[in-house]
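Taking it in order: structure first as structure tokens, then the write-up.
Numbers for residues simply follow the sequence, beginning at 1. For clarity, every value in this text was computed on a predicted model and none was experimentally measured.
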Amino acid sequence: QVQLVESGGGLVQAGDSLRLSCRCSNTFSIYHMGWFRQAPGKEREFVGAMRWSIGTIYYGDSVKGRFTISKVDENTMYLQMNSLKPEDTAVYYCAASPIWGVSVFSATSYPHWGQGAQVTVSS
């Protein structure tokens with residue numbers, strides 16, 4: 001059974017940095033690991049993803065140059081968030097997919113999700 005847990009959310013000021021961590025069990029069955037976020041009243045938005053077995057990384061346009069995904073070990077993924085803006089305020093989720101032939105950009109590609117971590121950026 002695949003289980004994911006996020007940690008590291010909090011309240012920060014614009015321009016600050018924050019690092020989220022995602023721990024995932026049974027990653028031997030996982031091809032892709034992703035980060036998504038959802039603000040109140042908004043659709044779930046792609047933040048970034050990694051092809052877990054080969055290391056290819058993708059980022060959403062709104063976070064390129066500010067956020068960085070890294071693989072700490074086979075069970076742990078970080079999301080380093082720098083130069084945070086108020087519009088980054090959202091619940092951040094990590095997700096996992098056991099299927100190779102899917103789009104890493106689509107939330108529907110990921111059947112496994114964490115509980116979410118709140119990130120609030122004040123101006």
Keeping the roles fixed (side chain from [X], backbone from [Y]), state whether a donor-acceptor pair exists under 3.5 Å.
X: Trp35; Y: Met77; answer: no
X: Glu6; Y: Gln115; answer: yes
X: Lys85; Y: Ala14; answer: no
X: Ser25; Y: Gln3; answer: yes
X: Ser109; Y: Val104; answer: no
X: Ser29; Y: Asn26; answer: yes
X: Tyr31; Y: Gly101; answer: no
X: Ser70; Y: Val72; answer: no

Looking at [atom1] of [X] and [atom2] of [Y], how far apart are the two atoms once the value is rounded to the nearest 0.5 Å?
X: Lys71; Y: Asp73; atom1: NZ; atom2: CG; value: 8.5 Å
X: Met50; Y: Thr56; atom1: CE; atom2: OG1; value: 8.5 Å
X: Arg19; Y: Thr68; atom1: CZ; atom2: OG1; value: 12.0 Å
X: His112; Y: Met33; atom1: NE2; atom2: CE; value: 10.5 Å

Taking all heavy atoms of [X] and all of [Y], pick out the closest pair and write down the distance.
X: Ala90; Y: Ala39; result: CB-N, 3.9 Å
X: Ala95; Y: Leu4; result: C-CD2, 3.9 Å
X: Ala96; Y: Pro111; result: O-CD, 3.4 Å
X: Val91; Y: Gly116; result: CG1-CA, 3.8 Å
X: Asn75; Y: Trp52; result: N-CZ2, 4.5 Å
X: Val47; Y: Val63; result: O-CG2, 3.4 Å

For this session: Give a yes or no on whether the ring-centroid distance for Phe36 and Tyr92 is below 6.0 angstrom.
Result: no
Exercise. Taking a hydrophobic cluster as the set of Ile, Leu, Val, Met, Phe, Trp and Tyr residues connected by side-chain heavy atoms closer than 4.5 Å, whether directly or through intermediates, do Met81 and Val12 fall within one such cluster?
Worked result: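 They do share one cluster, since a chain of ILVMFWY contacts under 4.5 Å joins Met81 to Val12.
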For this session: Please check if Tyr110 and Tyr58 belong to a single hydrophobic cluster, counting links between Ile, Leu, Val, Met, Phe, Trp and Tyr side chain heavy atoms closer than 4.5 Å.
Result: yes
With heavy-atom distances below 4.5 Å as the criterion, would you say the side chains of [X] and [Y] are in contact?
X: Ser17; Y: Arg66; value: no
X: Val2; Y: Ile30; value: yes
X: Ser62; Y: Glu45; value: yes
X: Asn82; Y: Phe67; value: no

Exercise. Going through the checks in order, is the disulfide (SG to SG under 2.5 Å) test met by Cys94 and Cys22?
Worked result: CA-CA 6 Å; Cys94 63; Cys22 174; 2.3 Å; yes
Exercise. What class does the angle between the rings of Trp100 and His32 fall in, given that below 30° is parallel, 30 to 60° is tilted and above 60° is perpendicular?
Worked result: tilted
Problem set entry | Other residues, nucleotides, ligands: >12 heavy atoms within 6.0 Å of Phe46 CZ |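 Counting other residues, nucleotides and ligands, CZ of Phe46 exceeds 12 neighbours.
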Problem set entry | Gln13 atom CD: more than 12 heavy-atom contacts under 6.0 Å |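 Atom CD in Gln13 is not crowded, with 12 or fewer foreign heavy atoms closer than 6.0 Å.
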For this session: Compute both the distance and the angle, then confirm whether Arg44 meets the cation-pi test with Tyr93: under 6.0 Å from the six-membered ring centre, within 45 degrees of the axis.
Result: yes
Seminar exercise, completed: Which of Leu11, Thr89, Asp16, Leu18 passes side-chain contact (heavy atoms from CB on, under 4.5 Å) with Val121? It is Thr89
